[in-house]
Amino acid sequence: MSSSVVVNNLTFKMGGEAGQGVESSGAGFSKALARAGLHVYGLQDYMSRIRGGHNFFQIRASDRNVQATESAVHLLLPLDTLTVEEHLQEVVPGGAVIMDTPLKIDDARLLDRGVSPVRVPLTEIAQREGGNKLMMNTASVAVAAGMTDMPFEFIEQIIRENFGGRKGQMIADANIAVARAAYDEGAREFGPDFGWKIKPLQAKPRMLIHGNQAIAFGAAAAGCRWISMYPMTPATSITEWLAAHHKKLGIVTKECEDEISAILMAIGAAHTGVRAMTATSGGGFSLMVEAVGLAGMTETPLVIVDAQRAGPSTGLPTRHEQSDLQFALHCSQGEFPRIVLTPGTIEECFNAGWRAFNLAEKYQCPVFILTDMNQSTAIRAIDPDAFDLGSVQIERGELLTDEELDALTEPYLRHKVTSSGISPRAVPGHPNAIILTTSDEHYENGQAVEEAPARIAQMEKRMRKLQLAASDIRPPLPEGPEDADLTLVGWGSTYGPIHEARQLLEADGIRVNHVHYHEVWPFPTAATEALLGGARRVVDIENNYTGQLALVIRMMTGINIPNKILKYDGRPFTGDEIVRKVQEGVLARV
Amino acid sequence: MSSSVVVNNLTFKMGGEAGQGVESSGAGFSKALARAGLHVYGLQDYMSRIRGGHNFFQIRASDRNVQATESAVHLLLPLDTLTVEEHLQEVVPGGAVIMDTPLKIDDARLLDRGVSPVRVPLTEIAQREGGNKLMMNTASVAVAAGMTDMPFEFIEQIIRENFGGRKGQMIADANIAVARAAYDEGAREFGPDFGWKIKPLQAKPRMLIHGNQAIAFGAAAAGCRWISMYPMTPATSITEWLAAHHKKLGIVTKECEDEISAILMAIGAAHTGVRAMTATSGGGFSLMVEAVGLAGMTETPLVIVDAQRAGPSTGLPTRHEQSDLQFALHCSQGEFPRIVLTPGTIEECFNAGWRAFNLAEKYQCPVFILTDMNQSTAIRAIDPDAFDLGSVQIERGELLTDEELDALTEPYLRHKVTSSGISPRAVPGHPNAIILTTSDEHYENGQAVEEAPARIAQMEKRMRKLQLAASDIRPPLPEGPEDADLTLVGWGSTYGPIHEARQLLEADGIRVNHVHYHEVWPFPTAATEALLGGARRVVDIENNYTGQLALVIRMMTGINIPNKILKYDGRPFTGDEIVRKVQEGVLARV
Amino acid sequence: MSDMKLFTSDEKPTWCPACGDFGILASLKQAFAGLDLSPHDVLLVSGIGCGSKMPYYMRANGYDALHGRAVPVATGARLGNHDLRIVVISGDGDGYGIGGNHFMHVIRRNPDLTHVVQNNQVYGLTKGQYSPTSDKGYISGTSPDGAIEMQINPIALAMASGATFVSRGFAGDPKHLTQLLMKAVRHRGYALVDVLQPCVTYNKVNTYDWYRGRVYKIDDESGYDPSDYDAAWGRAKEWEERIPIGVIYQEEGRPTYEEQVPELQAGPLFRQPVERPRELLESIKREFI
Amino acid sequence: MSDMKLFTSDEKPTWCPACGDFGILASLKQAFAGLDLSPHDVLLVSGIGCGSKMPYYMRANGYDALHGRAVPVATGARLGNHDLRIVVISGDGDGYGIGGNHFMHVIRRNPDLTHVVQNNQVYGLTKGQYSPTSDKGYISGTSPDGAIEMQINPIALAMASGATFVSRGFAGDPKHLTQLLMKAVRHRGYALVDVLQPCVTYNKVNTYDWYRGRVYKIDDESGYDPSDYDAAWGRAKEWEERIPIGVIYQEEGRPTYEEQVPELQAGPLFRQPVERPRELLESIKREFI
Ligand SMILES: Cc1ncc(C[n+]2csc(CCOP(=O)(O)OP(=O)(O)O)c2C)c(N)n1
Ligand SMILES: Cc1ncc(C[n+]2csc(CCOP(=O)(O)OP(=O)(O)O)c2C)c(N)n1
Ligand code: SF4
Ligand code: SF4
Ligand SMILES: [Mg+2]
Ligand SMILES: [Mg+2]
């Protein structure tokens, strides 16, 4: 029917109740697509409940390096009627909905929209071929593969891998039988009329990975040996990944009684010289802020991941937002140096994961990695070389070696006033360096102080570290022409959708560039002035209500960005959505 | 000797170890001076220890309404040698130091500076006349009174009041005998040569009160019936004052296991309709921030006092700073409305104390009162009418009465979306209004929500409240000529020293004005633009390292204030110090 | 006795089918009805967790607070309005993990609160990590080799902290649980009801069957006297083989916190007037002179 | 046996003359010397309070942390470097009030830490408010009519939480305290040493004399066996008339937390190399493919 065929550019969306296997099927299918050499971006959306409700997994497959989801859906795979109700309007004309034959949906509703109902007896096939009706989601995915001409071998391979071992063998065989039957029916009955196809590409094998894994892997590469935490969505998977690898990595993972304990244990471990981190979100982060100040005052290197979610308070616990930026910049009483990294891609998550430890040790201060729900859970297929282990340098800053300590003749001063602000650090245990430190303001030797001069000296010493750190911070990333008519500004995980929006707008003939902040504190003031100071029209794009980055930019440079596209409904942007809003907003006002 | 005599304008400074009675003597002498009709400003300075070390109490007495301390000391009353070592250089030529005859200080050092050593056998007099050498501080104060011609009756009166009751009578008599002997010796031997005098003035009796008492009294006037807290300097005295008056006021005061519990109990009480508050500092405030977001999300009215002290972390626990402003503005994950009051005088503390409860109930959100160590403890003699009880209005906002609830026909919606953003509030207990609320994002009826539209509606509803609140916020206070050449900007307790600096600069012929922020959030943007937008030269004056108010001003208006006078040594400004720094800084750069 | 349906909310629970929380919800409604309460008399204050969603599913006043923080909110509410019957709802992570300090300290205060802890020995809502009551060796995402920590014994802790009512229920026996909850609500003072609550999704060790094979009703034992502290202490320590359910310990007559706060003698605090007499305030002002 | 003077700091304590903390400081130095330790072997981790200033006054590694938070910092440090002898120093407010949850949970973990709680039954450094161990009825600035709360019993709480070493000392008997501290440091696992510490400035009730009239040395009692839990439990509850000091309960042989963490078997964590082998990391990368 459809004459023009689109190859390697389509979005699948599988939806159903929590517990129906949406997550595992989506992950498996994504892997198969990646194996077929495609770029894959997979977005998960789930509710704060364990069973029931409505979850979905949206997979975008492309021959381009897509880094965000799009609004259009080409193939909808509903495991329940609710998925059709919720998402039918997203399916484009010519698209299709793969439904179990008995699913109670009026096909006419689809046809009215130019969408094909693909009726396959999924449960029946699962029952018949696999002996278990729970395999119907395998059947659904296989129909999709069949319809898109994706070679069956990729499906088979993933099923085999997912069910290893002897007992797994039988389950794998059953699933493959189900998949085969469904695949054939999909290919035979519905393939010819379906206008989107998957053609395997020659490509180096890609990793399928989400931001939390990338941060965790970065930490592993940096020699992190400690993570203490308290469970909290969406941060928990960082720890769970490290815990699953604890034997290989020799890393201590520690679930604590609360987040207060989690950060303080990390501080204790860091004080002894261990590269240590904690990871949390929302309320957990709030509970940690007293200890953030402790790390600042005692100059203990510490890495804190805040995987942001929609607030305030418990908010939307499984949903997306970028609303802790100003909180991270100003949290805890008083003033002390801190560093804030805001990675926006899987690659940047990896880099932040290892860089954070270097920065923490070099500047002896807390380092935040701000990520968010979207980035924590969305998977992308990337070139393994993008995690360049060769570029990972371990820099421990002014950490005294045993030899240096052996040679020490003067009493060791933990908080020595230096011109850089950095005091050579030792860890407890060496006879030549008895180490005293305290959360009270202190002398160089760590004794508590009351007098003004020593206080001033320490305060200035600490704050001086920020000057050096500023030169170590990577400036915002500019993409697109320097003399653009339109500049899109964002930070963190909006990178993907803005990147795509820029490409789409460019294709529309607009000269547009993109300034992406991935390391925001110490604030890159000079780079900001250079990039935004002369910009013609600037649009700030953030997943929050108040436009926090824009406020920080104005605070630090005076540059005001009145045009804002802000989204705070718990969902990430898509590239086309940004394009629409740019066109309706700033461009319409020309 | 001294030919010119200064009347009613001098500073006494008493110093000694913790436990030597510096605080009580200082307070008593301040009271005597206030009774004599003088304006009094009394600054306390103490260390984070219970005995020993060095504390002082600096009393400025004047015929003008002085609101800060000055650098010059005219009469030093050391109870130990350390006080002389620490403070001799502050004593002006012509000034004097009242010393117990055996105190091991070389008089020549004083004489070299033109300072008179006033040697009186204080301990001996205490022993002889009162039978107790601990009364030597009474003797010291009495010498000062004698030297300045202050009539003895004021000293006697205060001693009588301080030792009430039958047993007290004897102690009072003994102290009065000591004071009499010391007074006479001071007047006779040293009075004639001393150039500063106290002449009682006819004045209405004044209250001697510090900022914490003023806030507590304001809260009492507002009908506060609950304070839950955990002890922390310098906030504790708010609770201790209320606890001491709990019978008269019918107020529940509750010491909790930690600050987390303290704020949450206040939230629980507030939810039932009680006007509730908590008070803390530094680390305690950090521990509260998760619950601040809870109050924001559940729209529970709550008053939180943060009595700032020098940070970061434990910092200088008994010392002064204004470094929690940005933390208060951005604390807790996510975004929600909050109100921040930053009183700078005793009168403003009283006003903030009662206004906070109205604002909390009208806008159903957390309201911060930021005060600080200096303001919490420094006493001032003020006209009782300055606490105008007639101006205190109780405004409970949209709190439904029993009658309104009786008449309710529809199901009650705690978080009803309204055009003002304010949802009529009921408290649990009425059959017509079953109240459900949650820290999760919710529907109007309080049920947790996952869908975008309801989330957006609630988010916007809550944030909308800030628009109305903005009109309720008192704009920054301008003092001095509108078209000044120099504008001094500050917030909170810098009011006093800046106010004095302005007067001193004016006396020097400089056209200078002062813009004082006493209510900072929602930020008074229009007023700021009006006051600072066209200002010629602006100087930001803050007790912190980064110039937080200046950063907030730039963030909200773009107005940059490059000239800053920042002090972060744990000590408050004096007026003359600001003058000096203005002259060395911005004025020198003309 | 009021009608249990009065407490029925329109909201359908989002718990997994067969979750122990259903039994607790039903028992709680039944207990309220049995005590002749009305929805507006009751305030449920909960933390965050699967079970802490309870207030959504019951028609009654509800305040769903923060993870671990239901107890202080409830204490404040109880002192603010002591006409309300306040039931605290929390999970084992919520009540004994992050909320452990409030647990220990509320007991010292003895306010009249009923504290229901849905003890499923796991963090449910965050997808199955081990909790403070998980068995030693419990395997989960954060304890891939099994938890190293000793599990806590909330019954013993409550008794050591001086609780006046210490009990345990089982979500698989709603009839018994209903009776127990009625006793707990009737108790004057802080009443702990630790409820064994199977988490059918994550806890594959401590299942309905695991509990059923171990629980016994202590109330059924002739001669068991819950006011005998030493006897109760012996039972408090039982776990591996036999697990007592019912009222393990009860001390009657200890004054509640609110009975000892003088300000509350005149009636609920929230009813006391907000405007204070001008003369009173003026007289306090004079103290400063 | 090393020289006690090794542990002498140049810093003069800022405590009030005759404060019980002096006795504790002296005993602690003596105990370290008695155990033949050197200053660099030892790490003192303290909270905030009068007694928590201890690290300033002793020549040894010291980390003065936050109010109530010494225990988790110490736990992290112990796991980071288990060659260090770590002593936690906290006050009664610090350790049992704001730090109560860490107290309960560290016991479940049983790391090899010695926890000295300077129990003066008052908040000293903040000028005398009542603390969790203050007697019921204790009058202070925040309890002008006397505290309503029941005081907590840290000995009973530690036992109910499953502590392996539970003891009490008295600052007024430094000789006994020294011996006790040596036992506590020697104990493998978490060891609580609750020290009765007169606050001469604020606590006018629980004075040296008050304690002296009540304490007795449990170690002196012939036949007292600290490994007998039930006997110990009986002593744990003694207070009003007679107050036992010494080792009240000790369980030997329970593995410490760090012994159960596989990563620590190769030696202290901080000694393990920061650079991980490139091949290992590349092989983990391949898992994602
Ligand atoms: C401060 C904070 N930390 C962590 C979380 C994440 N969180 C939500 S529920 C939960 C655990 C729930 O376990 P439990 O209390 O046992 O309740 P259950 O779900 O098992 O009923 C956690 C850790 C949170 N909401 N807030
Ligand atoms: C989070 C936090 N809350 C409150 C304080 C203030 N504070 C300092 S010491 C202290 C109490 C000290 O009492 P305790 O722990 O018994 O020690 P002591 O002084 O009696 O030795 C308090 C409340 C603080 N430093 N940090
Ligand atoms: S995860 Fe467990 S506790 Fe939560 S609803 Fe499901 S069965 Fe119940
Ligand atoms: S206040 Fe008490 S505890 Fe603190 S130093 Fe003085 S006597 Fe010791
Ligand atoms: Mg649980
Ligand atoms: Mg104490």
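Everything quoted here is computed from the prediction, not taken from an experiment.
Interface residue B:W241: only side-chain heavy atoms are found under 4.5 Å from chain C. If you measure heavy-atom distances from B:A220 to chain C, the contacts under 4.5 Å come from both the backbone and the side chain. At a 4.5 Å heavy-atom cutoff, the contact between C:P262 and chain B is made by side-chain atoms alone. For B:I379, no part sits under 4.5 Å from any heavy atom of chain C, backbone or side chain. Of the atoms belonging to B:A221, heavy atoms from both backbone and side chain fall under 4.5 Å from chain C. Heavy atoms of B:F387 lying under 4.5 Å from chain C belong to its backbone as well as its side chain. Heavy-atom distances place both the backbone and the side chain of B:S261 under 4.5 Å from chain C. Contacts of B:D258 with chain C are made by side-chain atoms alone, with heavy-atom separations under 4.5 Å and no backbone atom involved. Heavy atoms of C:T14 lying under 4.5 Å from chain B are absent altogether. With a threshold of 4.5 angstrom between heavy atoms, C:A74 does not approach chain B through any atom at all. Neither the backbone nor the side chain of C:P277 comes within contact range of chain B, judged by heavy atoms closer than 4.5 Å. Only the side chain of B:R275 comes within contact range of chain C, with heavy atoms under 4.5 Å apart. Contacts between C:L280 and chain B at a heavy-atom distance below 4.5 Å involve the side chain alone, from C-beta outward. Neither the backbone nor the side chain of B:V392 comes within less than 4.5 Å of any heavy atom of chain C. The contact between B:A433 and chain C is made entirely by backbone atoms, counting heavy-atom distances below 4.5 Å. B:H271 touches chain C through its side chain: at least one heavy atom from C-beta onward sits under 4.5 Å away, while N, CA, C and O do not. In this structure, chain C has heavy atoms under 4.5 Å from both the backbone and the side chain of B:H246. There is no contact between B:D383 and chain C, counting heavy-atom distances below 4.5 Å. With a 4.5 angstrom heavy-atom cutoff, C:L264 touches chain B only via side-chain atoms. Contacts of C:N101 with chain B are made by both backbone and side-chain atoms, with heavy-atom separations under 4.5 Å. Looking at B:L249, both its backbone and its side chain come within 4.5 Å of chain C, counting heavy atoms on both sides.
With C:Q197 contributing its side chain and C:I24 its backbone, the two residues share no donor-acceptor pair below 3.5 Å. Judged by distance alone, the side chain of C:Y123 and the main-chain N or O of C:G91 form no donor-acceptor pair under 3.5 Å. A donor-acceptor pair under 3.5 Å is formed between the side chain of B:Y412 and the backbone N or O of B:A426. Judged by distance alone, the side chain of C:K285 and the main-chain N or O of B:P384 form a donor-acceptor pair under 3.5 Å. Using modelled atom types, one side-chain atom of B:R225 and one backbone atom of C:P273 make a donor-acceptor pair closer than 3.5 Å. Under the 3.5 Å distance criterion, the side-chain polar atoms of C:D92 are matched with a main-chain donor or acceptor of C:V122. In this structure, the side chain of C:Q30 does not engage the main chain of C:M4 through any donor-acceptor pair within 3.5 Å. Although no hydrogens or angles enter the test, the distance criterion places no donor-acceptor pair under 3.5 Å between the side chain of C:S38 and the main chain of C:H40. Proximity of a side-chain donor or acceptor of C:S161 to a complementary backbone N or O of C:A163 within less than 3.5 Å is not detected. Side-chain N or O atoms of C:Q272 include one that pairs as donor or acceptor with a backbone N or O of C:G267 at under 3.5 Å.
Between C:M54 and C:S46 there is no side-chain heavy-atom pair separated by less than 4.5 Å.
A salt bridge is defined here as a Lys NZ or Arg NE, NH1 or NH2 lying under 4.0 Å from an Asp or Glu carboxylate O, and C:E259 with C:R188 meets this definition. Between C:E11 and C:K53 there is no salt bridge, since no side-chain N of the basic residue sits under 4.0 Å from a carboxylate O of the acidic one. Comment: B:E299 does not engage B:R414 in a salt bridge, judged by the lack of any side-chain N to carboxylate O separation of less than 4.0 angstrom.
Put simply, of B:P205, B:A34, B:A448, the one with the most heavy-atom pairs under 4.5 Å next to chain C is B:A448. Your options are B:N445, B:V427, B:I382, B:L264, and the one with the most heavy-atom pairs under 4.5 Å with chain C is B:L264. Of the residues considered (C:R278, C:R78, C:R59), C:R278 shows the highest number of contacts with chain B, using heavy-atom pairs under 4.5 Å. Interface remark: of the candidates B:G273, B:P428, B:G446, B:P428 forms the most heavy-atom pairs closer than 4.5 Å to chain C. Interface check for chain C: of the options B:I267, B:T298, B:T300, the most heavy-atom pairs under 4.5 Å are formed by B:T298. Most heavy-atom pairs under 4.5 Å with chain C, from the set B:K254, B:H430, B:K31: that is B:K254. The candidate from B:L436, B:I434, B:L389 with the greatest count of non-hydrogen atom pairs under 4.5 Å with chain C is B:L389. When C:E263, C:R286, C:R69, C:E275 are compared by the number of non-hydrogen pairs under 4.5 Å with chain B, C:E263 comes out ahead.
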C:V261 and C:L269: CA distance, side-chain angles, deciding distance, side chain to side chain contact (heavy atoms under 4.5 Å, CB included) verdict: CA-CA 11 Å; C:V261 175; C:L269 196 61; over 6 Å; no

Please evaluate residues C:Y257 and C:T75 with respect to the criterion side chain to side chain contact (heavy atoms under 4.5 Å, CB included), reporting the C-alpha separation (whole Å), side-chain torsions for both, the decisive distance (0.1 Å), and the verdict. CA-CA 10 Å; C:Y257 193 86; C:T75 306; 5.9 Å; no

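Atom CG of B:L294 and atom CZ of B:F336 lie 10.0 Å apart (nearest 0.5 Å). Within the model, atoms OH of C:Y190 and CZ of C:F103 stand 5.0 Å from one another, a figure rounded to the nearest 0.5 Å. To the nearest 0.5 Å, the span separating NZ on B:K248 from CG on C:L281 amounts to 11.0 Å.
Contact annotation for residues 79-88 of chain C against chain B (heavy-atom separation below 4.5 Å, listed by residue number): C:L79, C:G80, C:N81, C:L84.
Under the 30°/60° scheme for interplanar angles, the aromatic rings of C:F7 and C:F32 are found to be tilted.
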